[in-house]
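Just so we're on the same page: letters track the sequence lines, and every chain starts at 1.
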There are 2 protein chains.
Amino acid sequence: MAVTDDARRGATIYSVADQAGVSIATVSRVLQGSSLVSERTTRKVLDAVAALDYLPSGAARSLAVRHHDTYGLVLPELSGPYYAELLVGFETRAAELDQSVMLVLADTKEDRDLAVRTLATRVDGIALFGSEAAHVGASGKPVVVIAGHARAGIEAIAAENVEGARLLTEHLFEHGRTNLRFVGDTDAAADLLERYEGFVAAHEQRGLTPADPVRAEFRERDGTAVAERLLAGDFTADALVCGNDELALAVMARLTDGGVAVPGDMAIVGWDDVMTSRYVRPGLTTVRQPVQELGALAADRLHDLVSGAAPSAERRVLATQVVIRSSCGCPPVHAAG
Amino acid sequence: MAVTDDARRGATIYSVADQAGVSIATVSRVLQGSSLVSERTTRKVLDAVAALDYLPSGAARSLAVRHHDTYGLVLPELSGPYYAELLVGFETRAAELDQSVMLVLADTKEDRDLAVRTLATRVDGIALFGSEAAHVGASGKPVVVIAGHARAGIEAIAAENVEGARLLTEHLFEHGRTNLRFVGDTDAAADLLERYEGFVAAHEQRGLTPADPVRAEFRERDGTAVAERLLAGDFTADALVCGNDELALAVMARLTDGGVAVPGDMAIVGWDDVMTSRYVRPGLTTVRQPVQELGALAADRLHDLVSGAAPSAERRVLATQVVIRSSCGCPPVHAAG
DNA sequence: TTGTATGCGTTATCAC
DNA sequence: GTGATAACGCATACAA
């Protein structure tokens with residue numbers, strides 16, 4: 001029966017019009033809140049809508065209005081709190097702007113280009129994390145890259161990196177450290193390269209020559225490996241500036257286990273201020289980024305671009321904040337961590 | 001010009017057909033990989049597609065084929081690794097099934113019902129986390145609830161809770177603890193209620209009467225508050241079974257700060273095995289859930305349901321694993337944490 | 001092998 | 001105030 005079909009397949013504007021005894025145009029009008037519909041008719045339509053539990057088809061609507069009310073977000077992965085927070089900021093702001101969000105995790109895909117092309121098909125604009133920027137095709141849709149670099153017609157937003165890293169490095173110098181190493185893969189992410197630049201800047205300011213970065217990815221096991229190289233005498237240092245907290249934490253744990261005192265024998269600092277950094281002893285000195293705001297800003301910019309704004313050539317950078325705890329050599333404060 | 005318009009507004013199947021000198025039907029055919037198209041024609045079409053950088057409109061396609069190739073996921077929030085992992089599992093499996101995913105974070109929305117109704121409009125099926133199950137409307141689309149209870153026509157999947165909690169509680173008894181309290185809001189989540197049931201079961205097995213749960217939400221500050229009530233003598237205990245790790249960690253930190261020895265004066269166990277639980281001292285005894293698999297299973301079930309399978313009445317539950325460290329009273333092992 | 005024509009469910013522009 | 005009806009961009013049954 002028709003009822004059964006409607007229930008299974010979903011009511012359409014036609015079934016509502018039928019039920020209410022009006023035309024589909026009228027149904028559409030009351031649903032759009034058009035004021036030029038009589039009280040009585042409005043009532044009839046609304047009743048029919050309720051009775052049939054009608055929901056306009058998103059696809060049909062998108063086709064008619066020529067936009068999707070949806071933004072896409074491309075992240076490499078979702079391990080650690082960083083990307084999750086970015087996502088929260090993005091989704092929350094998007095929702096405030098009445099936009100839905102489609103998410104794609106690039107790392108798990110074999111063909112990332114295809115993935116973002118597919119995405120571009122169902123959204124009005126795309127925000128991608130810096131490391132995925134290579135996969136932006138010329139979809140013609142607005143694009144903003146997060147924590148990466150701007151390109152022709154593509155806006156970039158990011159959190160401050162070099163100054164924070166310079167401050168952190170300088171802080172280590174002030175603690176009397178003389179043999180600092182930067183740990184992280186500066187080729188993998190624009191973000192990391194900038195942090196290394198800050199590391200270099202602090203050295204140059206003192207007329208020192210910075211050592212090359214110790215390559216390491218972001219996972220804990222990569223940090224463990226670095227610590228073991230250190231333990232094995234593969235290289236030396238009295239302070240480590242790590243690319244992020246996971247790395248720093250893993251290095252610190254393995255080093256401590258290996259009999260190296262932190263910060264006594266080795267000062268360690270990280271980046272991101274994850275939860276563990278507050279709980280671990282010694283507390284990890286690190287840098288806090290306004291990650292959610294970054295996500296929100298991405299959604300905001302997308303909104304502007306979709307609304308017709310011209311992409312700005314300069315990238316916006318959000319301020320960042322050094323968080324001093326005791327892994328750098330400062331006296332522990334405890335309590336709040 | 002036409003070129004400019006195409007670039008801005010996106011090429012359509014018509015522009016491609018024009019450029020290739022064929023009909024739109026043929027264009028559609030080669031794009032669908034229909035084998036009944038001549039080599040030569042295929043080439044022409046592909047060239048045109050490349051030249052115009054054509055991408056089929058998702059909305060138009062969805063409207064025509066009557067499905068979206070997209071699944072929706074509604075989560076309450078994204079704090080902590082739990083939801084993030086769930087999301088990873090879901091998105092990854094969905095991608096393997098060639099489905100996109102739309103995400104909605106319920107906590108940040110004023111009108112959640114509206115949010116999932118809107119979502120239902122653009123997806124083929126929805127997976128929602130247990131606590132959001134109340135917001136499923138009669139969209140008619142397949143629905144599966146994660147970590148919640150099945151209802152008429154709605155499948156449920158979850159990780160094992162009561163047996164794990166019973167084991168954990170029994171373990172505490174074996175350590176000689178006699179005054180155990182369960183910490184968490186058993187009204188807020190089906191998951192938590194089940195864990196409390198396990199807590200109760202362990203008591204009953206020994207002919208003991210379990211105390212009522214100590215109400216507390218999931219955030220760290222809630223754990224801090226519980227610890228302070230304990231410190232203030234508001235209630236007593238020699239062992240705490242906490243609803244999740246964040247809670248346990250916060251309680252432990254505040255208690256330690258307040259001079260209570262863990263596990264000496266107070267044994268503490270959590271749930272989830274977050275990263276911090278491995279790094280903190282004493283290491284937190286907890287329970288590990290197959291969270292990613294849970295997410296993947298949700299996508300799988302959705303796929304079956306969308307494909308026409310009948311929703312199964314029994315809920316599937318994934319096995320869970322107790323992770324013993326030292327916050328329960330066991331001797332520390334260190335190294336791996 | 002390829003083209004024509006129709007339907008998918010809305011929105012929006014016309015008339016009435 | 002309300003009702004036809006033309007897009008919107010694609011897939012597909014039916015012809016040729």
Side-chain angles (χ1 to χ4, degrees), chain A residues 5-6 8-46 48-49 52-69 118 120-124 139-141, chain B residues 5-6 8-46 48-49 52-69 118 120-124 139-141:
Chain A
D5 279 6
D6 275 6
R8 251 203 89 56
R9 186 140 289 304
T12 73
I13 197 171
Y14 290 100
S15 32
V16 174
D18 269 13
Q19 172 100 6
V22 299
S23 74
I24 63 167
T26 297
V27 174
S28 184
R29 282 192 195 100
V30 342
L31 262 39
Q32 305 301 314
S34 172
S35 55
L36 45 165
V37 173
S38 82
E39 179 80 13
R40 212 176 94 75
T41 312
T42 301
R43 191 128 230 57
K44 287 193 301 184
V45 171
L46 258 25
V49 165
L52 273 48
D53 193 44
Y54 167 68
L55 277 181
S57 151
R61 174 161 218 291
S62 290
L63 185 55
V65 301
R66 307 165 76 95
H67 63 254
H68 307 273
D69 286 329
T118 302
T121 261
R122 335 191 66 103
V123 302
D124 300 322
S139 66
K141 309 225 172 173
Chain B
D5 279 7
D6 274 6
R8 250 203 89 57
R9 184 137 293 301
T12 72
I13 197 172
Y14 292 100
S15 31
V16 174
D18 268 12
Q19 172 100 8
V22 301
S23 73
I24 64 166
T26 297
V27 174
S28 182
R29 284 191 193 98
V30 342
L31 261 40
Q32 304 302 312
S34 172
S35 56
L36 45 164
V37 174
S38 82
E39 177 81 12
R40 214 176 91 75
T41 313
T42 300
R43 192 129 228 57
K44 288 193 300 184
V45 171
L46 259 24
V49 166
L52 273 48
D53 193 48
Y54 167 68
L55 278 181
S57 151
R61 175 162 217 290
S62 291
L63 185 55
V65 301
R66 307 166 75 95
H67 63 255
H68 307 272
D69 287 329
T118 303
T121 261
R122 333 190 67 102
V123 302
D124 299 323
S139 66
K141 308 226 172 172

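- Nucleic acid contact for A/Thr41: sugar-phosphate only, since backbone atoms but no base atoms lie under 4.0 Å from a heavy atom of the residue.
- Separating the CG atom in B/Leu55 from the NZ atom in A/Lys141 is a distance of 8.0 Å, to the nearest 0.5 Å.
- Side-chain atoms of A/Leu36 lie closest to D/dT2 of the nucleotides C/dG9, D/dC10, D/dT2.
- Residue B/Ser38 places at least one side-chain N or O closer than 4.0 Å to OP1 or OP2 of C/dT2.
- In this structure a side-chain-to-backbone donor-acceptor pair under 3.5 Å is missing from B/Ser34 to B/Val30.
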- prompt: How does protein reach along nucleotides 11-16 of chain D, written 5' to 3' as B (base within reach of a heavy atom under 4.0 Å), S (only sugar-phosphate), or - (no contact)?
  reply: BBB---
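- Note: CZ (B/Arg43) to P (C/dT1) measures 17 Å, nearest angstrom.
- Side chain of A/Thr41 to backbone of A/Val37: no donor-acceptor contact under 3.5 angstrom is found.
- Under the 3.5 Å distance criterion, the side-chain polar atoms of A/Asp124 are left unmatched by any main-chain donor or acceptor of A/His67.
- Residue B/His68 contributes atom NE2, which lies 13 Å from atom C1' of C/dT10 at whole-angstrom precision.
- Taking only side-chain nitrogens and oxygens, B/Arg40 never comes nearer than 4.0 Å to OP1 or OP2 of C/dT1.
- Here the OG1 atom belonging to B/Thr26 is positioned 9.5 Å from the CD1 atom belonging to B/Ile13, to the nearest 0.5 angstrom.
- Looking at A/Thr121, its side chain never comes within 3.5 Å of a backbone N or O of B/Ser57 through a donor-acceptor pair.
- A donor-acceptor pair under 3.5 Å is absent between the side-chain atoms of B/Ser28 and the main chain of B/Ile24, judged by distance alone.
- Helix-axis bend for the helix from C/dT1-D/dA16 to C/dC16-D/dG1: the local axis fitted to the five terminal pairs at one end deviates from that at the other end by 40°, rounded to 10°.
- Computed from coordinates, the A/Arg66 CZ to C/dT11 C1' distance equals 12 Å when rounded to whole Å.
- Between B/Ser23 and the phosphate of C/dG3, there is a side-chain N or O to OP1/OP2 separation shorter than 4.0 Å.
- We find that B/Arg122 and A/Asp69 are not joined by a salt bridge, their nearest charged nitrogen and carboxylate oxygen being 4.0 Å or further apart.
- For the pair A/Arg122 CZ and D/dG9 C1', the computed distance is 13 Å after rounding to whole Å.
- Within the model, atoms CD of A/Gln19 and CG of A/Leu52 stand 5.0 Å from one another, a figure rounded to the nearest 0.5 Å.
- Remark: P of C/dT11 and NE2 of A/His67 are 10 Å apart, rounded to the nearest angstrom.
- Taking atom CG of B/Leu63 as the reference point, atom P of C/dG7 lies 13 Å away to the nearest angstrom.
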